[in-house]
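Below: the structure, in structure tokens.
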2 protein chains.
Amino acid sequence: MMFSIGELSKIVGLKVPTIRYYEQMGLIDPPERSRGNQRRYSKAEVQRLSFVRHSRELGFALGEIRDLLRLSVHPNQPCCDAHVIAQRHLEATVAKIKKLQRLKKELERISKCDSNALSSCSVIETLADHQLCISDH
Amino acid sequence: MMFSIGELSKIVGLKVPTIRYYEQMGLIDPPERSRGNQRRYSKAEVQRLSFVRHSRELGFALGEIRDLLRLSVHPNQPCCDAHVIAQRHLEATVAKIKKLQRLKKELERISKCDSNALSSCSVIETLADHQLCISDH
DNA sequence: TTTAATTCCTCTAGTGACTAGAGCTACAAG
DNA sequence: CTTGTAGCTCTAGTCACTAGAGGAATTAAA
């Protein structure tokens, strides 16, 4: 049961060049090759890459994922490291959400006037208004 | 009333190399120079760069900001373009918020167990669990 | 079995929005 | 007039890919 890189790509939902990139970055070991030098993957790589993809979707950086993978292989002591990584990430996420919600409000304000009315442009105006609020935010 | 790039930097809250970068990218015109070839800015640049900074904080890409600046100079007809830019941006923002809120929930679940208890690591476990959910998300 | 289509290979370069550093020059304060 | 800070240009690095060139291998159909 060996997969070509294209098959693996479909299974795990990562593009082919991305998989090669992850190999290059040391997130997966270089796989076996066919006689013609093409990569051949087993189920282990499916698992590992799914882990990587899932972690990426959760917003972890490749370096953090590398750490997590290392931890998952030696799952004894330095588990708190994993918690630290996740906790730090949670805090950053909460901050991002807050910022985006403020952004959303502002964008709604900006783009709610109907653009068919050929009135003066609220987008430019709103952004221009903020030319004046130099010191805050 | 002319500013050096360092003074301008403090006024608008952008780093010095960032201002030079914005000049290079065509977001601001090349400013006047001192006899010794140093950049000298007036209030117009303060306004324009504040506009750029504000727009960046709202998450607009430099290309979009360039468009918006162009529109703000010719504020007559193609104002709907600005609305389109802002609307597109609003949609992307809403999508991002949703994704991050899902992420937040998952991270909370991941990191809520106390890491002092030397139990098995919930971070790795949780991420590993998701090795199995290959087809969805 | 041959051919054609598709997939794979490596390598280089590009993206966006900066950031860092080298090596040099200008300016302001004492 | 000297010293220290701030400025200059230019190149290269960051992150996580993505795109393309030019060629080889694999697979399916004829």
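Residue numbering restarts at 1 for every chain, and letters A, B, ... go by the order of the sequence lines.
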Inset, instruction - Applying side chain to side chain donor-acceptor pair (under 3.5 Å), name anything that partners B/Ser34, two or more places apart in sequence or on another chain. - result: none

Inset, instruction - Look up atom CG in A/Asp67 and atom CD in A/Glu64, then write down how far apart they are to the nearest 0.5 Å. - result: 7.5 Å

Inset, instruction - Please round to the nearest 0.5 Å and tell me the distance separating atom CE of B/Met1 and atom OG of B/Ser42. - result: 12.0 Å

Inset, instruction - Nearest whole angstrom, please: distance from the C1' of C/dG16 to the CD of B/Glu64. - result: 12 Å

Inset, instruction - Round to a whole Å and report the spacing from CD of B/Gln24 to P of C/dA17. - result: 14 Å

Legend entry - Stretch residues 13-23 of chain A: residues that reach within less than 4.0 Å of DNA chain D through a heavy atom: A/Lys15, A/Thr18, A/Tyr21, A/Tyr22

Inset, instruction - Name the first nucleotide and the last nucleotide along DNA chain D (5' to 3') that come under 4.0 Å of a heavy atom in chain A. - result: D/dA16 to D/dT26

Inset, instruction - Return the 5'-most residue of the pair B/Ala61, A/Gly6 with respect to DNA chain C, ranking by each residue's nearest nucleotide. - result: A/Gly6

Inset, instruction - Check DNA chain C against residues 27-42 of chain A and give the residues with a non-hydrogen atom under 4.0 Å, in numerical order. - result: A/Arg33, A/Asn37, A/Gln38, A/Arg39

Inset, instruction - Among residues two or more places apart or on two chains, list those pairs meeting salt bridge (charged side-chain N to carboxylate O under 4.0 Å, His left out) that have a residue in residues 25-34 of chain B. - result: none

Inset, instruction - Any chance you could measure A/Tyr22, atom OH, to A/Leu14, atom CG, to the nearest 0.5 Å? - result: 5.5 Å

Legend entry - Between P of C/dC27 and CE of B/Met2, the distance in whole Å: 14 Å

Inset, instruction - Measure the spacing between CD of B/Gln38 and CD1 of B/Ile5 and express it to the nearest 0.5 Å. - result: 9.5 Å

Inset, instruction - Hey, could you give me the NZ/NZ distance between A/Lys15 and A/Lys10, rounded to the nearest 0.5 Å? - result: 14.0 Å

Legend entry - Between CD1 on residue A/Ile28 and CG on residue A/Leu49, distance to nearest 0.5 Å: 4.5 Å

Inset, instruction - Check side chain to side chain donor-acceptor pair (under 3.5 Å) between B/Arg39 and all other residues, then give those that pass, not counting sequence neighbours. - result: B/Glu23

Inset, instruction - Report the residue from B/Ile11, B/Ile19, B/Val12 that forms a side chain to side chain contact (heavy atoms under 4.5 Å, CB included) with B/Tyr41. - result: B/Ile19

